[in-house]
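Comments concern the structure below.
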2 protein chains.
Amino acid sequence: MATIHEVARKAGVSVATVSRVLNDRLKVTEKTRTKVDRAIEDLNYEPSVLGRNLRNSESRLLLVMIPSISNPFYSQIINGIEDTAVREGYNIMLCETDSNPEREEIYFSLIRNRLADGIISMDPTVNKKRLQELACTYPIVQCSEYDEDGTIPHVTIDNELAAYQAVRHLIKLGQKKIALLNSDEKFLYARERQQGYEQAMQEFDLPIKKEWIYSSNALEFHSGQQAVRTLMSQADKPTAIFAVSDILAIGALKECNIRGLRVPQDVAIVGFDKISFSNMTHPALTTVAQPMYQMGSISAGMIIRKIRGDNVESVILDHELIIREST
Amino acid sequence: MATIHEVARKAGVSVATVSRVLNDRLKVTEKTRTKVDRAIEDLNYEPSVLGRNLRNSESRLLLVMIPSISNPFYSQIINGIEDTAVREGYNIMLCETDSNPEREEIYFSLIRNRLADGIISMDPTVNKKRLQELACTYPIVQCSEYDEDGTIPHVTIDNELAAYQAVRHLIKLGQKKIALLNSDEKFLYARERQQGYEQAMQEFDLPIKKEWIYSSNALEFHSGQQAVRTLMSQADKPTAIFAVSDILAIGALKECNIRGLRVPQDVAIVGFDKISFSNMTHPALTTVAQPMYQMGSISAGMIIRKIRGDNVESVILDHELIIREST
DNA sequence: ACATGAAGTGTAATCGTTTACAATATAGTG
DNA sequence: CACTATATTGTAAACGATTACACTTCATGT
């Protein structure tokens, strides 16, 4: 628990010199440097980040806000963020909002209190107005989800195109009765993916039936199951399902399995996200891969540049359709 | 970005009084309090955690070290930690070690640099000696994994008993040829669960065959698949599998599905951990539930008490066998 | 030998809080 | 009303670093 003063005394120099040895590496003779180094060694001194942060008025901490830590979609993104952040000398604080505005506000207070230098928001349910407001004062970027008419820089994929290609893939396999398993339309990505679905259906002159569009308000496994129950209770049953999330798709798959519907022979299923579990199911899930690691590392890079005061542009990354056994 | 000085000036009081309004709530008249409150309001002042931390020489940050963020086993634990931590005024930094000692050391440096007040370690591959060393100086607790001959307080379950009960469950169902799908024996929990397995087999006079004990060095989905390939290539094939992790069990299940082996009719499978995906498979997995949320919140409570200087005792929690479709 | 300038080092202010201690105001007592 | 005892408030010193600025050296050219 030595301080810079003790090191200075032991080395017979001033604190300024010790600080210079610690940071600059310029403008200090080899001789004093070794004296200081030895003193540091002897006392096994480590500078206090607390003191340094106060003086530099920065914390080198990044807030990463996600709705739920158990959603595997975010795992790879977080990996990307963390690797880049650590490389640049930042650490991350993972904040689980549970889509709860109160909790959200607690985390926002961390940046107002200077405990964080910037925010990467990935919560689609975040209070958009509040976020815009904060973004005027503090560095904020959005990852994956973003606000259409906001000004916050973001990184995302072309959701509409990705959905379009996924549905086209089903159509090319001869599918005609394709259901959409969507999440709540209040989310931008949900609307965009629905757009892509409709575009593909129209392009190939297939009917868009309201009964085949199922909107679930939660991205839960059970919602996927429920969707299949509803869809398959209809007179005119779909023979393929495009789900906007792997979790929903896995729920749908489970329900098909339970009902003895063979996948892909009786029902073909496409998911979205390529979470790690999507190839552990039987059959493995066809899905749209988002470049999650890259999304993470790019958003980390963006927020760090924004903290430094550079101005940054939004980025749209490429996706990829991963064809596996479920289609 | 107002400071306490500006608030003091605006309210016509000293900084000490402002600070008292902020913290104590005692020993300041109603009149001055309202003056100060109004000034705070007007400037919309928020105290800087940086300054406060330096003065109090604490950061109110907890380090939570896990090998991999994508392992769903940790999700619930982290939820438990976070809820308790936030309630006590702490925030957590999630640190993914990737079981990489270098990375581990980076995170250890955060506590040496006073950027964290304590560590909750959940990494079974952590360098035990290093951890013991640090535990002399800094508050550290272990969650789930721990060191038998160490002195670091920990929270865990009775792995041996849990494994024993899982295997006994299989035996009671009439199973006689039970394979053990273990992870690397360097982990304490692996050795303990193997103990439980062997104890159950012995108690019911069933032979323990070396060929039926498969040790995988990674807790990966693919290891589970590989295990089934190996086990089922033998002349004397097991008819049940006890896996020490759900991920391994899900891998095994997938391989059984591929090979047309019916679960549970041809092969019964038991997993361990009750991760959320364990009931999304077809059939849903019988598994041993660890009280993960509770483990998290208890370890958070422990580390906070330890930071305060209280001394804390290790805790062993109850587990539960969850019987589902795979047995 | 001396002025010059560069290079290296030291002094002290600063970041934004908290808090021991001193100072002052207020209430209570005879 | 004078005098304590007590309740509030203010002053200034920490906490542990960084850094502008001032000061010392010391090699160089004359």
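Every value quoted in this text rests on a predicted model; they were computed, and no experiment measured them. Atoms considered below: every heavy atom in the structure, side chains included; atoms not considered: hydrogens, waters and symmetry mates. Order of the sequence lines fixes the chain letters, A, B, ..., with proteins taken first and strands second; residue numbering starts at 1 for each chain.
- As judged by a 4.0 angstrom heavy-atom cut-off over every strand, N56(A) is placed among residues touching the sugar-phosphate backbone only.
- Summarising the geometry, the separation between NE2 on H5(A) and C1' on dA14(D) is reported as 11 Å, rounded to the nearest angstrom.
- The base of dG8(C) does not come close enough to the side chain of R33(A) for any donor and acceptor atom to sit less than 3.5 Å apart.
- The CG atom of L115(A) sits 13 Å away from the C1' atom of dG16(C) (whole-angstrom rounding).
- At distances below 3.5 Å, not a single donor-acceptor pair connects side-chain atoms of N56(B) with backbone N or O atoms of E58(B).
- Of all nucleotides listed (dA20(D), dA17(D), dT9(D)), dA20(D) comes nearest to the side chain of R20(A).
- Looking at E88(B) and R308(B), a side-chain N of the basic residue comes within less than 4.0 Å of a carboxylate O on the acidic one, giving a salt bridge.
- Within 4.0 Å (heavy atoms only), V49(B) reaches no atom of the nucleic acid at all.
- Note: CZ (R55(A)) to C1' (dA12(C)) measures 11 Å, nearest angstrom.
- Between S19(B) and dT18(C) there is a side-chain N or O to OP1 or OP2 distance below 4.0 Å.
- For dT17(C), neither phosphate oxygen OP1 nor OP2 lies less than 4.0 angstrom from any side-chain nitrogen or oxygen of S48(B).
- With Q290(B) as the partner, the side-chain hydrogen bond (donor to acceptor under 3.5 Å, both in side chains) test is satisfied by one option alone out of D318(B), D273(B), T156(B): D273(B).
- A sub-4.0 Å separation between OP1 or OP2 of dG16(D) and a side-chain N or O of R52(A) is absent.
- Here dT8(D) presents its P atom at 12 Å from NZ of K31(B), a figure rounded to the nearest Å.
- Comment: R103(A) engages D83(B) in a salt bridge, judged by a side-chain N to carboxylate O separation of less than 4.0 angstrom.
- Listed nucleotides: dA17(D), dT18(C), dT9(C). Nearest to the side chain of V28(A): dT9(C).
- Residue T32(B) has no polar side-chain atom (N or O) positioned under 4.0 Å from OP1 or OP2 of dT8(D).
- Comparing dT17(C), dT11(C), dA17(D) by their closest approach to the side chain of S14(A) singles out dT11(C).
- No contact: S57(A) has no heavy atom under 4.0 Å from any strand.
- For the pair R9(B) CZ and dG16(C) C1', the computed distance is 14 Å after rounding to whole Å.
- Distance alone, capped at 3.5 Å, is enough to place a donor-acceptor pair between the T34(A) side chain and the E30(A) backbone.
- One interatomic measurement links the two molecules: CG of N113(B) to P of dC15(D), which rounds to 19 Å at whole-angstrom precision.
- When each of A2(A) and V13(B) is assigned the nucleotide of DNA chain D with its nearest heavy atom, V13(B) is the one assigned upstream, toward the 5' end.
- With the nearest nucleotide of DNA chain C identified for both A16(B) and L50(B), L50(B) has the one nearer the 5' end.
- When rounded to the nearest whole Å, the span between CG of L54(A) and P of dG16(D) equals 12 Å.
- Listed pair N53(A) / dC15(C) fails the phosphate criterion, with no side-chain N or O lying under 4.0 Å from OP1 or OP2.
- Put simply, CZ on R114(A) is 13 Å from P on dC15(C), counting in whole angstrom units.
- The pair E46(B)-R114(A) does not meet the salt-bridge criterion, since no charged nitrogen lies less than 4.0 angstrom from a carboxylate oxygen.
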